[in-house]
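See structure below.
Both backbone and side-chain heavy atoms feed into the values below; hydrogens, waters and symmetry mates do not. Positions are given from 1, in the same order as the sequence printed here.
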Amino acid sequence: MASVGPSTASTQPALPSGPAVFKTIPYAFILPEILCGTWVWILVAATSVSLPLLQGWVMYVSLTSCLISLLLLLSYLLGLHRNSENWKVLDSLYHGATAILYMSAAVLQANATITSELGANSPLYYQLNTAASFFAFLTAFLYILHAFSIYYQ
């Protein structure tokens with residue numbers, strides 16, 4: 001007869017709190033997401049915003065995502081999650097949805113970059129829009145990495 005040992009419930013890794021957030025994948029992506037997203041809206045704001053409908057969406061997505069990611073980072077740093085599995089679901093849903101929104105914003109910013117090539121002050125605004133497009137795609141990639149990395153923990 002086989003002896004019955006203690007129950008072997010699957011143990012999930014603990015959610016990081018405090019400075020451990022910066023050392024744990026995918027939570028270490030939050031700070032680069034915030035920094036790159038901040039660059040997006042600073043660079044777009046530095047242009048003449050010749051296409052307000054397109055670049056307005058870029059500004060909305062980047063600013064909103066930056067603020068929500070900052071709140072999420074602060075909640076991880078302060079340990080507000082209390083190691084609840086619901087936070088992983090919230091984190092995954094937020095980063096997945098934001099990745100989609102950021103990809104749409106990056107494509108619109110790339111379109112604004114192409115149209116700004118022929119406008120007045122074209123060298124300066126074209127360079128600013130090009131940098132904003134680069135950071136928008138980089139930020140979208142970071143959000144995608146974060147969203148998928150949660151599943152592979």
Side-chain angles (χ1 to χ4, degrees), residues 12-13 15-82 84-153:
Q12 296 291 328
L15 293 172
S17 294
V21 171
F22 301 114
K23 300 175 187 172
T24 309
I25 299 292
Y27 308 102
F29 291 132
I30 296 175
L31 190 59
E33 291 164 1
I34 293 170
L35 294 175
C36 290
T38 302
W39 273 112
V40 171
W41 62 267
I42 287 173
L43 290 166
V44 171
T47 66
S48 66
V49 187
S50 58
L51 300 166
L53 188 61
L54 299 180
Q55 291 181 303
W57 176 250
V58 175
M59 290 290 287
Y60 173 76
V61 169
S62 61
L63 190 56
T64 305
S65 301
C66 182
L67 292 175
I68 294 173
S69 292
L70 185 62
L71 289 173
L72 191 62
L73 177 64
L74 288 174
S75 66
Y76 278 122
L77 287 173
L78 298 175
L80 298 178
H81 54 74
R82 296 187 181 125
S84 171
E85 285 298 313
N86 294 334
W87 277 81
K88 280 188 178 183
V89 173
L90 172 77
D91 191 273
S92 178
L93 289 175
Y94 165 69
H95 282 89
T98 305
I100 293 168
L101 294 176
Y102 238 110
M103 188 55 74
S104 72
V107 168
L108 291 175
Q109 180 58 37
N111 184 17
T113 301
I114 292 168
T115 58
S116 73
E117 186 176 13
L118 303 174
N121 295 327
S122 70
L124 175 63
Y125 291 150
Y126 180 71
Q127 291 168 354
L128 290 171
N129 281 322
T130 301
S133 296
F134 171 76
F135 280 108
F137 279 107
L138 179 63
T139 307
F141 180 67
L142 287 170
Y143 277 104
I144 291 168
L145 277 178
H146 188 127
F148 281 113
S149 295
I150 292 174
Y151 294 112
Y152 297 110
Q153 278 186 332

To the nearest 0.5 Å, atom OG of S75 lies from atom CD1 of I30 at 7.5 Å
message: Contact between L142 and C36 at the side-chain level, heavy atoms closer than 4.5 Å - yes or no?
response: yes
Would you indicate whether the side-chain heavy atoms of Y94 and S69 approach each other to under 4.5 Å? yes
To the nearest 0.5 Å, atom CD of Q55 lies from atom CG of L108 at 9.5 Å
Heavy-atom nearest pair, A132 first then Q109, reads CB-NE2, 3.7 Å
To the nearest 0.5 Å, atom CG of L101 lies from atom OG1 of T64 at 9.5 Å
Output for pair (M103 CE, F141 CZ), nearest 0.5 Å, gives 9.5 Å
Rounding to 0.5 Å, atoms CG (L145) and OH (Y143) come to a distance of 12.5 Å
Please confirm whether the backbone N or O of N129 pairs with a side-chain atom of T113, one donor and one acceptor, at under 3.5 Å? yes
Value for CG (L54) from CG (N111), rounded to nearest 0.5 Å, stands at 5.5 Å
Which of V40, T38, V44, I42 passes side chain to side chain contact (heavy atoms under 4.5 Å, CB included) with F135? It is V40
Correct closest heavy-atom pair for G37 and S62 would be O-CB, 3.9 Å
Closest non-hydrogen atoms of Y125 and A46, given as atom of the first, atom of the second and distance, are CE2-O, 3.8 Å
Considering only heavy atoms from C-beta outward, does the side chain of V107 approach that of F137 to under 4.5 Å?
yes
**Asked** Are any non-hydrogen side-chain atoms of Y126 and T130 less than 4.5 angstrom apart?
**Response** yes
Between H95 and L72, is a side-chain contact (heavy atoms from CB on, under 4.5 Å) present by the stated rule, with each step listed? CA-CA 11 Å; H95 282 89; L72 191 62; 3.5 Å; yes
